[in-house]
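In what follows, residues are counted from 1 in the order of the sequence shown. We count ligands from 1, going down the list as the structure has it; atoms in each ligand are counted the same way. These figures come from a predicted structure and were not determined experimentally.
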Amino acid sequence: MVTQQIMRRGVVTPRVIEAFKKVPRHLFVPEQFQSHSYNDHPLPIGEGQTISQPYIVALMTDLLNLSGEDKVLEIGTGSGYQAAILAELGKEVYTIERHKLLAERAEKIFKELNYQNVKVLVGDGTKGWKEFSPYQKIIVTASAPDVPQPLFIQLDEMGKLVIPIGGRWSQDLTLIEKRKGKMIRKSVCGCVFVPLIGEYGYRDTD
Ligand code: SAM
């Protein structure tokens with residue numbers, strides 16, 4: 001997975017590669033799909049949600065340019081795999097999931113793997129997690145119509161935020177930077193994510 005899918009497509013940052021070699025992706029995948037854990041595609045994780053394709057997890061991680069001092073906010077815990085990768089690379093990880101069942105399952109795996117720097121919240125991640133803000137890095141792993149305003153407010157000056165922005169069926173993976181309070185946007189590539197459902201995302205009925 002690391003050589004063929006991630007490095008060959010251009011994600012070669014040594015710290016990022018080490019994290020992907022270390023985190024056991026199959027433990028985050030439901031048992032019936034575990035034999036496909038390292039394949040080049042997303043997989044179902046229950047509640048109609050998915051664990052993203054390994055390469056897209058790697059690309060989004062790489063775009064954040066994480067340092068060991070970063071406080072990171074993730075919206076969309078899902079399986080917990082992306083959060084575990086972030087926990088290898090940042091200092092503290094705060095991750096929010098709207099489905100209680102997924103959040104609980106991920107939290108159990110974090111405990112089993114002894115990740116002590118990850119905190120999980122069940123709720124609407126479009127509002128962020130003000131208590132621990134500002135965050136040097138924010139990653140949104142579901143697609144939004146635009147950047148949820150609370151997330152930009154909770155992003156630190158010079159911080160980076162990665163988010164898929166666009167319509168329900170296709171989006172642009174977008175890198176946002178905060179410079180002197182202003183939003184600088186860079187479109188990275190096309191992508192397809194499940195929707196971000198919440199007050200500053202899509203409504204459940206959209
Ligand atoms: N990062 C995950 C992983 O490593 O498995 C993959 C996330 S999956 C593509 C997107 C997740 O975002 C789903 O689990 C979904 O329930 C969650 N989600 C959607 N809207 C949300 C919201 N407003 N707040 C928190 N989580 C949300």
Side-chain angles (χ1 to χ4, degrees), residues 1 6 16 19-20 23-30 33-34 36-39 41-64 66 72-90 93-110 113 115 118-130 135 137-151 154 161-166 168-171 173 191-206:
M1 176 188 92
I6 297 177
V16 173
F20 276 82
V23 177
R25 181 172 161 97
H26 61 281
L27 297 185
F28 295 87
V29 170
F33 301 115
Q34 268 184 6
H36 301 281
S37 303
Y38 296 91
N39 292 356
H41 50 72
L43 287 167
I45 54 170
E47 305 287 345
Q49 306 303 321
T50 52
I51 175 172
S52 303
Q53 177 196 23
Y55 169 66
I56 199 83
V57 181
L59 176 62
M60 291 173 87
T61 305
D62 205 37
L63 287 168
L64 288 176
L66 288 152
V72 189
L73 176 66
E74 180 194 29
I75 312 305
T77 315
S79 68
Y81 178 63
Q82 172 80 75
I85 296 282
L86 298 171
E88 291 288 340
L89 295 163
V93 178
Y94 297 86
T95 180
I96 310 177
E97 172 56 54
R98 66 189 285 268
H99 289 289
K100 191 164 181 268
L101 196 100
L102 296 180
E104 286 175 352
R105 201 194 288 156
E107 210 165 14
K108 190 165 166 268
I109 305 171
F110 299 145
L113 295 178
Y115 282 109
V118 185
K119 274 197 168 60
V120 184
L121 178 73
V122 177
D124 177 6
T126 68
K127 298 179 192 165
W129 195 342
K130 199 166 170 231
Y135 302 94
K137 307 288 157 67
I138 299 180
I139 177 169
V140 184
T141 63
S143 69
D146 206 342
V147 182
Q149 201 195 9
L151 298 187
Q154 291 172 30
L161 186 160
V162 176
I163 179 170
I165 295 179
R168 252 331 239 266
W169 308 112
S170 74
Q171 307 94 32
L173 186 61
C191 58
V192 182
F193 274 82
V194 293
L196 182 74
I197 311 259
E199 190 174 331
Y200 298 88
Y202 289 107
R203 283 167 303 168
D204 221 347
T205 50
D206 280 348

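- The heavy-atom pair separating Pro148 from Ile163 by the smallest distance is CD-CD1, 3.7 Å.
- Under 4.0 angstrom from ligand 1, the non-hydrogen atoms of Val194 all belong to its side chain.
- Distance alone, capped at 3.5 Å, places no donor-acceptor pair between the Gln34 side chain and the Leu27 backbone.
- No side-chain donor-acceptor contact under 3.5 Å links Gln154 to the backbone of Tyr135.
- Among protein heavy atoms, the minimum distance from atom 8 (S) of ligand 1 is reached at Thr50 O, 3.1 Å.
- Within ligand 1, the atoms closer than 4.0 Å to a non-hydrogen atom of His99 are 16 (O), numbered from 1 in the order shown.
- Screening Ile96, Val93, Thr95, Leu161 for a side chain to side chain contact (heavy atoms under 4.5 Å, CB included) involving Leu73 leaves a single residue, Ile96.
- Nearest heavy-atom pair, Ile139 versus Leu64, reported as atom, atom and distance to 0.1 Å: CB-CD1, 4.0 Å.
- Distances below 4.0 Å separate heavy atoms of Ile96 from the following atoms of ligand 1: 25 (C), 26 (N).
- In terms of protein heavy-atom proximity, atom 21 (C) of ligand 1 is closest to Arg98 CD, 3.4 Å.
- Heavy-atom minimum distance, Pro42 versus Thr50: CB-CB, 4.3 Å.
- Only the backbone of Thr77 comes within 4.0 Å of ligand 1, counting heavy atoms alone; no side-chain atom from C-beta on gets that close.
- Below 4.0 Å from some heavy atom of Leu102 lie the following atoms of ligand 1, by number and element: 14 (O).
- Heavy-atom minimum distance, Tyr38 versus Arg25: OH-N, 3.0 Å.
- Residues Thr141 and Phe193 approach most closely at O-CD2, 3.2 Å, considering heavy atoms.
- With a 4.0 Å cut-off on non-hydrogen atoms, Pro195 touches ligand 1 through its backbone and not its side chain.
- Of all protein heavy atoms, the one lying nearest to atom 5 (O) of ligand 1 is Ser79 OG, 2.6 Å.
- Close approach of ligand 1 to Thr126 is summarised as follows: ligand atoms under 4.0 Å from at least one heavy atom of the residue are 23 (N).
- Looking at atom 14 (O) of ligand 1, its nearest protein heavy atom turns out to be Glu97 OE1, 2.7 Å.
- Listed for the Asp124 side chain is a donor-acceptor partner under 3.5 Å among the backbone atoms of Thr126.
- When each atom of ligand 1 is checked for a heavy atom of Ile51 under 4.0 Å away, the hits are 5 (O).
- Scored by the side chain to side chain contact (heavy atoms under 4.5 Å, CB included) test, Val122 finds Lys100, Ala103 as partners (sequence neighbours excluded).
- Nearest protein neighbour of atom 13 (C) of ligand 1, counting heavy atoms only, is Gln49 OE1, 3.2 Å.
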Indicate every side-chain donor-acceptor pair of residues 79-87 with a distance under 3.5 Å to a residue at least two apart or in another chain.
{"residue": "Ser79", "atom": "OG", "partner": "Tyr81", "partner atom": "N", "Å": "3.1"}
{"residue": "Gln82", "atom": "NE2", "partner": "Thr61", "partner atom": "OG1", "Å": "2.9"}

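- The nearest protein atom to atom 4 (O) of ligand 1, hydrogens excluded, is given as Gln82 N, 3.0 Å; this is a heavy-atom distance.
- Across all non-hydrogen atoms, the minimal contact from Ser37 to Leu43 is CA-CD1, 3.9 Å.
- In terms of protein heavy-atom proximity, atom 12 (O) of ligand 1 is nearest to Gly76 CA, 3.2 Å.
- For ligand 1 and Leu196, the ligand atoms under 4.0 Å from any heavy atom of the residue are 19 (C), 20 (N), 21 (C), 22 (C), 23 (N).
- Heavy atoms of Glu74 found under 4.0 angstrom from ligand 1 belong exclusively to the side chain.
- Residue contacts with ligand 1: Ser52 is placed with no nitrogen or oxygen under 3.5 Å of a nitrogen or oxygen of the ligand (distance criterion only).
- Remark: Gln149 CD is loosely packed, at most 12 non-hydrogen atoms of other residues, nucleotides or ligands lying under 6.0 Å away.
- Among protein heavy atoms, the minimum distance from atom 20 (N) of ligand 1 is reached at Ile197 N, 2.9 Å.
- For ligand 1, the atoms closer than 4.0 angstrom to any heavy atom of Gly125 are 22 (C), 23 (N), 24 (N), 25 (C).
- Taking every non-hydrogen atom of Gly123 and a distance limit under 4.0 Å, the qualifying atoms of ligand 1 come out as 24 (N), 25 (C).
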